[in-house]
**Q** 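Here it is: the structure, laid out below.
Both ligands and their constituent atoms are indexed starting at 1 by order of listing. Scope of the values below: all heavy atoms of this structure, side chains included, with no hydrogens, waters or symmetry mates.
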Amino acid sequence: MRAFQSLIAMVLLASLLLIFLSTLHLEKTHSHRPEQREIRTHKTAAEKYNTTTTPFTKQMSITSPRHEFLDLSISHGLTQAIPQNKAFWNRLLYSAVERVEKQDFVQHPLWSNCRQVNQERLKTNIHDFTSYPSVFQDFLTGMNCRSPPLVVNQPNKCLSSDAGDDPTFLLFAIKSRPGNFEQRQSVRETWGRERVFQTDLRVRTLFLLGKSSPNEPDIGALLSLEAETYKDILQWDFNESLLNLTLKMTAFLQWTLKNCPHVFFLFSGDDDVFVNTPALLSYLQALEPSKASELFVGHVISTAVPLRDSKSKYYIPLSFYDGPYPSYIGGGGFVISGSLLPRLYSISHVIPFFPIDDVYTGMCLKALGVSPEPHPGFQTFDVTEQGRENLCVHKGLILIHQRSPSELKKLWKGIHSPLLTC
Ligand SMILES: *[C@@H]1O[C@H](CO)[C@@H](O)[C@H](O)[C@H]1NC(C)=O
Ligand SMILES: *[C@@H]1O[C@H](CO)[C@@H](O)[C@H](O)[C@H]1NC(C)=O
């Protein structure tokens, strides 16, 4: 009997091992598959948006393969902007550049053991590692952790209710914190309300959350109720924190490629901004197809340098990163073409994580050779004091940073008032 049991156990083990090996093999062949640019005609989608005035039909008839790792390269724009020197991240970047030239991609470790990587390695590579703030040490320890498990999912988000072809024109992906119930509700009731504009421009909304710390009150039951009621919450199993926003962004890209692969535009932003959704849609709709398919638009920050004050929330130690930041777009709110997302996700596996998410996104797009497009309607730093109360100022803008939940409601109502004459 004993022998029989161990035989069974061995057979089980062997088959598990086989399954494991075959998945490894699959992933490998998958990641090395050269890009096959398959151009399909998406008749229904094209017809659906076939308004004679918009140039969209052209762009929409091209669907790129969104699920594959494409043949990658890192554009010179990025290496021109970031110096090669002794700082840890700079060294990581340049070794990534070398690997990409050899098309030698490393697999990231599994989520379950990605943190066990050597603190030792960090200590030998960064001479003053132990003097880094503890959140920064945390960031470095988890820097190769890439695929956090989802705890709240919305797999049906982009499926249509009436089985018709129902692509998402604009997907609002809003970075939120678990406790920000009011902010989310005011976004839902104003600019982020899901609906169809101008008969066929469908807008969908998701809030992206990590987990609140075990030291905070347990709001799990409230969140479940919220997710159940509004079906717009995504939550991953990682600690919500500023330095984890890069992880949130890439986890969301992965989610989008799987669950909403046909979005035309993705908005990424904070839950305390005001977005003039009709103005944003008009802008997007009027774009030339060539621009619409490679768009990265918002408030461009082109001469930023790392902050070296260790008390700043955006502190970057010199031994970690040395150089200016390549131009990027303020993370309060920007828009990216859906057709860029597969390449953006792929390149994010090659470019080492950077602790500031908008700087990181800018680096990745620069690596793809996509330049950020400045737009004066995106005010991530805020309008002047007089402008704050002025509805006409808001009506002419696309995005304004930092508004409270009640200000959002007031502004939204105000710019829609028929009595407003600007
Ligand atoms: C999240 O942060 C808390 C402290 O705030 C820590 O105890 C816990 O281990 C962290 N979770 C993970 C998965 O690192
Ligand atoms: C990010 O999340 C992971 C997993 O929960 C956690 O261990 C880590 O401490 C977080 N990072 C920061 C910088 O808070």
Side-chain angles (χ1 to χ4, degrees), residues 87-89 92-93 107-123 125-126 128-153 173-180 206-220 222-224 227 233-255 268 270-272 306-321 325 328 331 345 348-349 351-364:
F88 184 61
W89 197 93
L92 288 180
L93 174 69
Q107 296 273 333
H108 287 287
L110 294 174
W111 181 258
S112 51
N113 62 11
C114 61
R115 227 157 277 278
Q116 279 125 28
V117 286
N118 27 25
Q119 287 266 337
E120 279 317 306
R121 189 184 69 126
L122 291 170
K123 281 183 199 152
N125 278 287
I126 305 174
D128 54 352
F129 179 74
T130 47
S131 73
Y132 283 11
S134 66
V135 287
F136 215 95
Q137 294 190 15
D138 252 12
F139 164 79
L140 276 157
T141 314
M143 202 174 165
N144 294 321
C145 300
R146 296 290 179 129
S147 308
L150 268 166
V151 284
V152 177
N153 193 5
I174 303 157
K175 297 173 278 183
S176 187
R177 301 173 62 84
N180 291 1
L206 281 163
F207 295 96
L208 318 182
L209 276 58
K211 290 187 97 174
S212 49
S213 135
N215 305 327
E216 284 169 42
D218 183 1
I219 51 173
L222 291 176
L223 267 178
S224 304
I233 304 280
L234 290 180
Q235 188 182 34
W236 286 271
D237 192 9
F238 60 78
N239 279 351
E240 182 68 57
S241 80
L242 188 71
L243 301 194
N244 264 343
L245 288 179
T246 299
L247 177 61
K248 191 182 267 190
M249 200 274 293
T250 54
F252 178 68
L253 281 178
Q254 183 183 25
W255 184 92
S268 164
D270 294 335
D271 63 2
D272 62 350
L307 298 180
R308 304 300 190 189
D309 170 6
S310 64
K311 286 183 206 71
S312 158
K313 72 179 191 174
Y314 296 112
Y315 170 57
I316 297 292
L318 186 63
S319 58
F320 176 75
Y321 181 82
Y325 290 145
Y328 66 100
Y345 180 61
S348 78
H349 281 259
I351 309 291
F353 267 6
F354 196 83
I356 305 177
D357 65 324
D358 45 10
V359 172
Y360 183 72
T361 307
M363 287 169 168
C364 287

**Q** Can you check which of N239, T246, L140, N244 brings a heavy atom nearest to atom 10 (C) of ligand 2?
**A**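 Heavy atom nearest to atom 10 (C) of ligand 2 belongs to N244.
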**Q** Would you check whether S241 has a nitrogen or oxygen atom less than 3.5 angstrom from a nitrogen or oxygen atom of ligand 2?
**A**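 Yes.
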**Q** Counting from 1, what ligand 2 atoms have a heavy atom of F238 closer than 4.0 Å?
**A**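 Every atom of ligand 2 under 4.0 Å from some heavy atom of F238: 2 (O), 4 (C), 5 (O).
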**Q** Looking at OH of Y132 and CZ of F139, how far apart are the two atoms once the value is rounded to the nearest 0.5 Å?
**A** 11.0 Å
**Q** For R115, which part has a heavy atom under 4.0 Å from ligand 2: side chain, backbone, both, or neither?
**A** side chain
**Q** Work out which heavy atom in K248 is nearest to a heavy atom in K175; give both atom names and the distance.
**A** CD-CG, 4.3 Å
**Q** Only heavy atoms of L243, strictly under 4.0 Å: list the atoms of ligand 2 that pass.
**A** 13 (C)
**Q** Answer yes or no: is there a donor N or O on one side and an acceptor on the other, between the side chain of T141 and the main chain of R115, under 3.5 Å?
**A**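 Not a single qualifying donor-acceptor pair exists.
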**Q** Show me which atoms of ligand 2 lie under 4.0 Å from any heavy atom of V135.
**A**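 Atoms satisfying the 4.0 Å criterion: 13 (C).
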**Q** Begin from the C-alpha positions of Y360 and S348 and carry the test side chain to side chain contact (heavy atoms under 4.5 Å, CB included) through to its verdict.
**A** CA-CA 9 Å; Y360 183 72; S348 78; 3.5 Å; yes
**Q** Looking at every non-hydrogen atom in both residues, tell me the closest pair between L208 and A173 and how far apart they are.
**A** CD1-CB, 4.1 Å
